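This report refers to the structure that appears directly beneath it.
FYI, side chains are in, hydrogens and waters are out, and symmetry mates aren't considered; it's all heavy atoms of this structure. Bear in mind the structure is a predicted one, so any value in this text is a computation, not a measurement.
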Amino acid sequence: MKAGAIDFLTKPFRDQDILDAMIRAIERDQKRRDSEKAVSELRMLFDSLTSREREVMTQVAAGLMNKADRGQIRHHRDYCEGPIVAI
């Protein structure tokens, strides 16, 4: 909508109409903020991965997980430090 408007009220409107519109706007903004926070947290987690972990995650996300890939991942796991995180 124009200039970021999320709702339009036609005149004359009741006080309750504007209150309802404000509540909808606040709820919508809260959902947007929650979504942005989740994406930011995922980005931080992804950025903390090693280059090999990123490569594996990209393959898994792309659905390229075949038996050979699983073998390579298990082999890599034996040599990496830190806990393995289930995805």
Side-chain angles (χ1 to χ4, degrees):
M1 294 193 177
K2 280 191 166 186
I6 63 167
D7 207 347
F8 287 100
L9 301 176
T10 56
K11 292 182 181 178
F13 55 84
R14 300 174 303 132
D15 291 344
Q16 189 61 46
D17 294 336
I18 197 164
L19 290 173
D20 292 343
M22 291 174 63
I23 289 170
R24 284 191 302 272
I26 291 168
E27 288 171 348
R28 179 177 172 180
D29 184 61
Q30 186 61 50
K31 287 178 185 176
R32 181 191 58 80
R33 289 173 186 254
D34 291 345
S35 177
E36 286 179 1
K37 182 180 177 186
V39 169
S40 176
E41 289 171 354
L42 288 172
R43 172 58 63 189
M44 285 177 35
L45 289 171
F46 184 79
D47 289 344
S48 72
L49 297 175
T50 66
S51 60
R52 175 63 180 147
E53 290 168 334
R54 288 181 189 185
E55 179 184 342
V56 169
M57 175 137 176
T58 302
Q59 290 173 351
V60 171
L64 300 177
M65 192 75 171
N66 62 30
K67 290 182 182 181
D69 293 333
R70 286 193 296 272
Q72 290 174 354
I73 292 169
R74 273 193 221 97
H75 177 73
H76 175 71
R77 181 180 63 199
D78 296 335
Y79 299 101
C80 69
E81 296 179 17
I84 300 295
V85 178
I87 300 174

Inset, instruction - State whether the side chain of Glu27 and the backbone N or O of Arg24 hold a donor-acceptor pair below 3.5 Å, judged by distance alone. - result: no
Inset, instruction - Find the distance between CE (Met57) and CG (Leu45) and round it off to the nearest 0.5 Å. - result: 8.5 Å
Inset, instruction - Identify the heavy atoms of Asp7 and Ala21 that sit nearest to each other, and give their distance. - result: OD2-CB, 3.9 Å
Inset, instruction - Please list, chain by chain and in numerical order, all residues satisfying side chain to side chain contact (heavy atoms under 4.5 Å, CB included) with Ile18, sequence neighbours excluded. - result: Leu9, Phe13, Met22
Inset, instruction - State whether Asp29 and Arg33 are salt-bridged, where the test is any N-O pair (Lys NZ or Arg NE/NH1/NH2 against Asp/Glu carboxylate O) under 4.0 Å. - result: yes
Legend entry - Nearest-0.5 Å distance, CE of residue Met44 to CG of residue Leu49: 12.0 Å
Legend entry - Residues in side-chain hydrogen bond (donor to acceptor under 3.5 Å, both in side chains) contact with Arg28, at least two apart in sequence or another chain: none
Inset, instruction - Kindly say whether Arg14 contributes a backbone atom to a donor-acceptor pair with the side chain of Asp17 at under 3.5 angstrom? - result: yes
Legend entry - Atom CG of Asp15: over 12 foreign heavy atoms under 6.0 Å: no
Inset, instruction - Just grab all the side chain to side chain donor-acceptor pair (under 3.5 Å) pairs involving residues 36-49, residues at least two apart or on different chains. - result: Arg32-Glu36
Legend entry - Polar contact flag, side-chain donor to acceptor under 3.5 angstrom, Thr50-Glu53: yes
